S.K.: 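Sharing a structure with you now.
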Protein chains: 2
Amino acid sequence: MAVNKKQEFSAEEVALSEFAKALSHPARVAILRTLAEKQMCICGEIVEVLPLAQATVSQHLKELKNAGLITGEIEGVRSCYCIHWDNLEAMAARFEQFAASLRALKPVENCC
Amino acid sequence: MAVNKKQEFSAEEVALSEFAKALSHPARVAILRTLAEKQMCICGEIVEVLPLAQATVSQHLKELKNAGLITGEIEGVRSCYCIHWDNLEAMAARFEQFAASLRALKPVENCC
DNA sequence: TTGTTTCATCGCATATTTGCGATATAAAAT
DNA sequence: ATTTTATATCGCAAATATGCGATGAAACAA
């Protein structure tokens, strides 16, 4: 019945999966890359770079903001989005730690 | 109209987002962790560990298999799932490279 | 004041995901 | 041959995600 069972998993698993979900659409990956490349806060420029309508981009920006990966401030008539570097590093660390924890358990010989 | 625009992004962005999607549910993170911890191919034991029905676990296993992160073989009446270590490392490398590519562009002073 | 610009949000349509009971399948056990 | 066991798949319901046109809101320009 599509009950949400996500909260029955460990906090770490949920946290990792939420970061992963933030990156689970190429538009959001592209937005992060664009924000980094611009070396500055940009606004509607993202819309011009992506093959998506303004409303759709705005929604992806909102999701990245909810995930904590970017910040967004209204500056007059424009909006200024930046990468939240601390949280981005926290996400990278989480992914690395997860990979490392699996790697540490890798058997010498795989059974299949 | 919910047209799928994913293929209008770069191959790298799509590849990263697909790996991310594989990890975007805590059940799938938990399955990978469990497979690593067991140090062996396990079968229905995953169902006992997770708070999900057998049919649901089977579906998550299928998605992990489609993403290339695990292998699955039928062994008599049982199924044997293992982590696909090469592809797991490929995924880890992709995430790391993405983080590194953003990090390299981090400005000395953030504008917001 | 009246437009114009920039962006967020609403409302809708469609697609995909999540979850599970029921059933199918196939090997193994009796 | 029949039953049991383990697992995949089907079919459904509900939830969530994706996409965008239309509209709203707020600053700015005329």
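Labels below follow one simple rule: chain letters A, B, ... track the order of the sequence lines, proteins then strands, and each chain is numbered from 1. Side chains are part of it too, since the values below use all heavy atoms of this structure and drop only hydrogens, waters and symmetry mates. For clarity, every value in this text was computed on a predicted model and none was experimentally measured.
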S.K.: Give the B/S/- string for nucleotides 1-10 of chain C, one per nucleotide from 5' to 3', where a protein heavy atom under 4.0 Å of the base yields B, of only the sugar-phosphate yields S, and otherwise -.
M.R.: ----BBBBB-
S.K.: Tell me whether the side-chain N/O atoms of A:Asn4 come closer than 4.0 Å to OP1 or OP2 in C:dT18.
M.R.: no
S.K.: Starting from C1' on D:dA8, measure out to NE2 on B:His60 and report it in whole angstrom.
M.R.: 15 Å
S.K.: Indicate, with a heavy-atom threshold strictly under 4.0 Å, whether B:Lys21 touches base, sugar-phosphate, or nothing.
M.R.: sugar-phosphate
S.K.: A:His25 NE2 to D:dC20 C1': how many Å, rounded?
M.R.: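 In whole Å, D:dC20 C1' lies 13 Å from A:His25 NE2.
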S.K.: Rounded to whole Å, how long is the line connecting atom CD of B:Glu75 with atom C1' of C:dA28?
M.R.: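 From B:Glu75 CD to C:dA28 C1': 15 Å.
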S.K.: Would you mind reading off the distance between A:Glu63 atom CD and D:dT16 atom P, rounded to a whole angstrom?
M.R.: 13 Å
S.K.: Checking B:Ser17 side chain against B:Glu13 main chain: does a donor-acceptor pair fall under 3.5 Å?
M.R.: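 Looks like yes, one N/O pair under 3.5 Å.
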S.K.: Could you state the CD-P distance from A:Glu73 to D:dA27, rounded to the nearest angstrom?
M.R.: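 In whole Å, D:dA27 P and A:Glu73 CD are 15 Å from each other.
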S.K.: Using whole Å, report how far NZ of B:Lys65 lies from C1' of D:dT7.
M.R.: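 So the NZ-C1' distance, B:Lys65 to D:dT7, works out to 12 Å.
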S.K.: Whole Å only: how far is the CG atom of B:Asn66 from the C1' atom of C:dT17?
M.R.: 14 Å
S.K.: Return yes when atom CG of B:Leu105 has more than 12 non-hydrogen atoms of other residues, nucleotides or ligands closer than 6.0 Å, and no otherwise.
M.R.: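 Yes - once you tally the heavy atoms of other residues, nucleotides and ligands closer than 6.0 Å, there are more than 12.
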S.K.: Are the side chains of A:Leu32 and B:Phe98 in contact, using a 4.5 Å heavy-atom criterion?
M.R.: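 Side-chain contact under 4.5 Å: yes.
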S.K.: How far apart are the closest heavy atoms of B:His60 and B:Ile31, and which atoms are they?
M.R.: CB-CD1, 3.8 Å
S.K.: Are A:Lys21 and A:Glu18 close enough that some pair of their side-chain heavy atoms sits under 4.5 Å apart?
M.R.: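 No, their side chains stay 4.5 Å or more apart.
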S.K.: Indicate yes or no: at least one non-hydrogen side-chain atom of A:Arg33 is less than 4.5 angstrom from one of B:Glu12.
M.R.: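 Yes. Closest side-chain heavy atoms under 4.5 Å.
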S.K.: Quick one: A:Lys6 NZ to C:dT18 P, roughly how many Å, whole number?
M.R.: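 Atom NZ in A:Lys6 sits about 6 Å away from atom P in C:dT18.
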